[in-house]
Structures are given as C-alpha cells and as structure tokens.
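A short write-up of the structure that comes next.
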Amino acid sequence: MSFPLLTVTAAVPAVGAILTAAVPAARRTAAKWLALLVSLATLVLAGIVFVRFEPGGERYQLTESYAWIKDFGVRYELGVDGIGVALIALTALLIPFVILAGWHDADPLETSSKRWRPTQGFFALILMVEAMVILSFEATDVFLFYILFEAMLIPMYFLIGGFGDRAHAGSDENAATQRSYAAVKFLLYNLVGGLIMLAAVIGLYVVAGNFSLTEIAAARADGSLEIATSTERWLFLGFFFAFAVKAPLWPLHTWLPNAMGEATAPVAVLITAVVDKVGTFAMLRFCLGLFPEASKWATPAIVVLALISIVYGALVAVGQRDIKRLVAYASISHFGFIVLGIFAMTSQGQSGATLYMVNHGISTAALMLVAGFLISRRGSRLIADYGGVQKVAPVLAGTFLIGGLATLSLPGLAPFVSEFLVLVGTYARYPVAGVIATTGIVLAALYTLVLYQRTMTGPVKEEVRSLPDLRPRELAVVVPLIAVLIFLGVFPKPLTDVVNPAVRHTMSDVQQKDPQPEVEAAK
C-alpha cells in the first residue's frame, strides 16, 4: 500500500488541533507556537502534494480508497485533480498567516473576566477548519464530502460567535448580541443549504447505487447509468443551492457581511478566502461532473445571478461606512466573477475561475489582515474615524494600498490574470454578459480608491496621530502575501500548468468546446 499522503495532509492539522486544545490554560504562548508549527508542517505536506501531482497524468491522482459504511456503499475515497491541488495549496499557504495575524486576538481581556477567551480553543478551531477544508478538496465520495461540508460549520460557528471583533462600536452586551446574531445567521443559512443537499445526495444514491464520484461519472460516460432529465435537474438544483449559499451567490449572500463584520480579521479571512472556496470548487467538481445536462440547462439563469452578484456587491461596497463590510461586499462581487467563469462553459472562463479562487484568497487575505491591524490600533471599523494614516504609518498605508490594488485587479498583480481570463471566456460565449461584467471592474476601482483616500490621505486626525507602523510580526504576515501576489501576477504558469488539464476534463464532462472566433473571409 502506497503512503496515504492525502490523508496525512489533512490529519496533521486535525491532530494538531487536538494537541493545541489540550495545552494547559496557563501556557497560551506554547499553544500558539504549536498551532503555528502544525500549520507550517501542513504547508510542507501540501507542497509535496503539489510537486508530486503530474498535470499530464490521470485525472485523479494520489488516490486512496477504503471501505467505510459497506451497507450503503459509502467509502473513504480521496483523490486530487489540478483544481483540488491548487486550492489545497491556497489553504495551507494562508493558515500560517491567519495564525500569525491572530496571535493576540484570543488573549484574555484584562478589563472583563466575562470576556475571557480560551486561546487554545481559538487556534485549535482554526486548525480543525483547515483539516476539514483540505479533506473536502480531496474527497471523491459524495457522502464523505457532504459530511465535511456540514461539519466545518461547527468550528466556524464558534470562531464567529465566540471570538468576535474587539473593535466594536457598541457596549460589550451589544457586541455579544451582534456576534451571536452573525454566527447564528451563518449557521442557519448553511444548514438549510446542507439539508437540501442531503436530500439530493440521497436521491443520487437511489438512482446511481453508490456515492463514488469516479464510478458514477464512468457509468454515465459509458451509458450504463442513465438519469432521467427531470431527475437530474432536481438533483442539480439540490447540490447547487447548497454551494451557492456557501459561495455565496446573490440572493443567498446576506450572511457573509454579518459574519465578516463581527469576526476577527483572521477569521474573516478564513471565511471568505478558505471556507467559501469549497462552494465554488464543488460547483466544478460535483455540479458539472455529475449533472452535465442539468448544468447546461441552468446556465442562463446562473449567469444572470452571477452578473447581479458582480454589480450588486460592488455597488453596495461603494456605499459602505464599515471597512470590513466593504471587503465583504467586494468579495460577493468577486465570487460573482468566479461563478460566471465556471458557467461560461469555456476553458478560459473555467481556468480563470479557478485562478480567481486562488488569487482572490491571497488578495483578500492581504487587504483584510492589514485592515485588521489598522482597526486593532484605532479600535474602530468605521471609515470616517480615519484620515491621514499614510503620514504616521507609511508602511501600513503602502501595504494596504497594494492589497486594495490587487482587489481591483491591477495589471501586474495576480487577480488581473484570473479576471481577464474570466471576462475573455465569458465574452466568447456570452458577449452581453461579458460586457456587463466589466462594470464590476470600474466599480472595484471606485470603492477601493475611495476607501484608501478616506482612510490614508488628507489631514491627520487627532485619534490616529499616535498609531504605530507595522511591527515585525505583522510584516511577516503581509510581505509574503504581497510577494505571492506579484509573483503570480507576472508568472502564473505554475498554477495554469496544473489547472488547465483539469479544466479540459471538466469541459469534456459537459461536452462543451470553446467557441471558434468568427473571421471574415478576405475579399
């Protein structure tokens, strides 16, 4: 039996979470260092997965398969394609920076014994989320994926509700109420989506007789499994609804601004840069892979929803007064681009969507974490409470600007490549949709530059005169993320080489070919 690399990659943070939670209460610093070392070990394992993956090889590689619940045909079945490998690398890359950025976020508050924060629990929950997300990118058994899809809600619920943002404008009681509301809303939205998906998972088992993604796809390809058109469409809708909530896609997005606004900045990054990617990833792997005809049938409606997400999210971001909610609505707009690229049904669009998942995760992490450092200094999330920061903290302002420019997809930074591919791929099949989507670029420039102008430029407000610049630990968080944004902006080939073969397989699943450009004959 070959070494179970995929299992070990997910097991290391899971075991690390248990060990971190078991550290004695008085040894908070030891728990932090343990969590950081575990996340770095996971990053090394993810790097080995990335290196061992052969882009020109089998579709699913490093596979593992063991019997789990034999009576129902459930197996512990893992395998990665290029899309899964890219997202595992993203997850493993971001978690060490999330831990470093949140180094003091769960320290006990000296001013209130009621607000004591179990530091060990905070970092253990982060590692547990990492383990579940990585395993969900590896799972090729539909039932196993569903269990992980739902189970990751539990640690996220406690991270949002139990470790909320300290920079809250109201009283402690009001802050606790807002955190509880955001956590419950997050949980309820995603639970409803998960319950609908469960019905679809059961329906899939009834018609297919097993939960194996690879076996079902092979049976459909050779004609030994036929699913009635109406049944396939209902099953598709059950899966897609759950993924659209997780993504999130308009109009199922309303939980995200509350969750990101009330969570600490590192947990907000965990939500939008890591956990939400499971939804868009699953659209590619399960919706298109299991239900190709239904995916094509639903494409026009989904394209419209994606366009609404792009424009709506950007417009609402323009009018935000809260820094973190502005980033949340910007993310809704970006997820619209990702979904648009997936359902454009072109290789450029789907490659761009996958790159967008990775690049959005890195750019949002850079912007949100710097915003978190800023907010922790001033104690306010309101844009109006800032002004002239670049004069007193130039490094903080500069890194904030680079994160913002990445968010608006400036050429030379990683998100530009992915956004360009999504727009080109969309325009090739749906020209009108491609044109409408470009309005998101204009609005992104507006909300990003206005945010920077109002917080960083102008007269120095009295309350920000004493703000310190970035400290060494904070620089250790931000500088590598900016370096990755620049590297992938000028040289995305390491990612495209891994992603493109997987996209070709997905295009083959839905029996789609790229539209050929119309060329007028020479007269």
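- For an aromatic pair to be called close, the ring centres must be under 6.0 Å apart, and His253 with Tyr312 satisfies this.
- Other residues, nucleotides and ligands place no more than 12 heavy atoms under 6.0 Å from the OH atom of Tyr427.
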Test side-chain contact (heavy atoms from CB on, under 4.5 Å) applied to Val129 and Val275, step by step: CA-CA 8 Å; Val129 171; Val275 173; 3.7 Å; yes

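- Side-chain atoms of Arg429 come within 3.5 Å of backbone N or O of Ala344 as a donor-acceptor pair.
- Within the 4.5 Å cutoff, no side-chain heavy atoms of Leu305 are placed close to those of Val339.
- Inspection of the Tyr189 and Thr254 side chains reveals an N or O donor paired with an N or O acceptor under 3.5 Å.
- The backbone N or O of Leu249 lies less than 3.5 Å from no partner atom in the side chain of Ser309, so there is not a single donor-acceptor pair.
- Counting heavy atoms from C-beta outward, Asn190 and Phe186 have side chains that approach closer than 4.5 Å.
- Under the 3.5 Å distance criterion, the side-chain polar atoms of Arg377 are matched with a main-chain donor or acceptor of Asp469.
- Taking 4.5 Å as the limit, some side-chain heavy atom of Met152 sits within range of a side-chain heavy atom of Lys246.
- Between the Gln178 side chain and the Glu262 main chain, no donor and acceptor come within less than 3.5 Å of each other.
- More than 12 heavy-atom neighbours from other residues, nucleotides or ligands sit within 6.0 angstrom of CZ on Arg473.
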Evaluation steps, side-chain contact (heavy atoms from CB on, under 4.5 Å), between His334 and Thr407: CA-CA 9 Å; His334 295 148; Thr407 299; 3.3 Å; yes

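- Atom CG of Leu191 is separated from atom CD1 of Ile196 by 11.5 Å, given to the nearest 0.5 angstrom.
- Distance check: Leu367 CG to Leu401 CG gives 10.0 Å after rounding to the nearest 0.5 Å.
- A donor-acceptor pair shorter than 3.5 Å can be found between the side chains of Thr7 and Glu64.
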Step-by-step ring-ring contact (aromatic ring centres under 6.0 Å, His included) determination, Phe291 to Phe239: CA-CA 10 Å; Phe291 314 112; Phe239 277 79; 5.3 Å; yes

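- A heavy-atom distance below 4.5 Å is found between the side chains of Val478 and Phe373.
- Without hydrogens or angle criteria, Thr364 side chain to Gly361 main chain gives no donor-acceptor distance under 3.5 Å.
- Atom CH2 of residue Trp33 and atom OG1 of residue Thr20 lie 13.5 Å apart, to the nearest 0.5 angstrom.
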Working for side-chain hydrogen bond (donor to acceptor under 3.5 Å, both in side chains), residues Tyr329 and Gln320: CA-CA 9 Å; Tyr329 279 105; Gln320 286 301 304; 5.0 Å; no

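- The shortest non-hydrogen separation linking Thr455 to Val389 is O-CG2, 3.1 Å.
- Between Ala247 and Met283 the shortest heavy-atom distance is CB-CE, 4.2 Å.
- Taken to the nearest 0.5 Å, the CG atom of Asp105 stands 11.0 Å off from the CG atom of Leu159.
- Counting only distance, with no hydrogens or angles, the side chain of Gln348 and the backbone of Val424 share no donor-acceptor pair below 3.5 Å.
- The two residues Ala10 and Glu138 make their nearest non-hydrogen contact at CB-OE1, 4.2 Å.
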Step-by-step side-chain contact (heavy atoms from CB on, under 4.5 Å) determination, Thr140 to Arg285: CA-CA 9 Å; Thr140 55; Arg285 172 167 284 189; 4.0 Å; yes

side-chain contact (heavy atoms from CB on, under 4.5 Å) evaluation trace for Ser376 with His104: CA-CA 10 Å; Ser376 67; His104 298 297; over 6 Å; no

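- In this structure, Leu374 and Met456 have side chains that are in contact, with non-hydrogen atoms separated by less than 4.5 Å.
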Steps toward ring-ring contact (aromatic ring centres under 6.0 Å, His included) verdict (Phe243, Phe149): CA-CA 10 Å; Phe243 303 152; Phe149 187 82; 5.7 Å; yes

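- At least one side-chain heavy atom of Leu423 sits under 4.5 Å from a side-chain heavy atom of Thr438.
- Applying the ring pair (Phe, Tyr, Trp, His ring centres under 6.0 Å) test between Phe137 and each of Phe145, Phe281, Tyr60 identifies Phe281 as the sole match.
- A distance-only check finds a donor-acceptor pair linking the side chain of Thr346 to the backbone of Gly425 [under 3.5 Å].
- In terms of heavy-atom proximity, Ala314 sits nearest to Leu443 at CB-CB, 3.5 Å.
- Minimum interatomic distance between Gly313 and Ile332 (heavy atoms only, all atoms of both residues): CA-CG2, 4.4 Å.
- Put simply, the side chain of Asp81 never gets that close to the backbone of Ala502: no donor and acceptor are under 3.5 Å apart.
- Annotation: Tyr452, atom OH; neighbour count of heavy atoms from other residues, nucleotides and ligands within 6.0 Å is above 12.
- Of the inter-residue distances, the one linking Arg52 atom CZ with Leu6 atom CG reads 9.0 Å to the nearest 0.5 angstrom.
- Under a 3.5 Å cut-off, the side chain of Glu474 and the backbone N or O of Arg471 do form a donor-acceptor pair.
- Put simply, CD1 on Ile160 and CE on Met260 are 10.5 Å apart, with the number rounded to the nearest 0.5 Å.
- Side-chain atoms of Thr280 come within 3.5 Å of backbone N or O of Lys277 as a donor-acceptor pair.
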ring-ring contact (aromatic ring centres under 6.0 Å, His included) assessment of Phe337 paired with His360: CA-CA 10 Å; Phe337 276 106; His360 169 263; over 10 Å; no

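- More than 12 heavy-atom neighbours from other residues, nucleotides or ligands sit within 6.0 angstrom of CZ on Arg59.
- Summarising the geometry of Leu413 relative to Ile486, their closest heavy-atom pair is CD2-CG1, 3.8 Å, with the distance given to 0.1 Å.
- Ile323 has its side chain within reach of Tyr386: a pair of non-hydrogen atoms, C-beta onward, lies under 4.5 Å apart.
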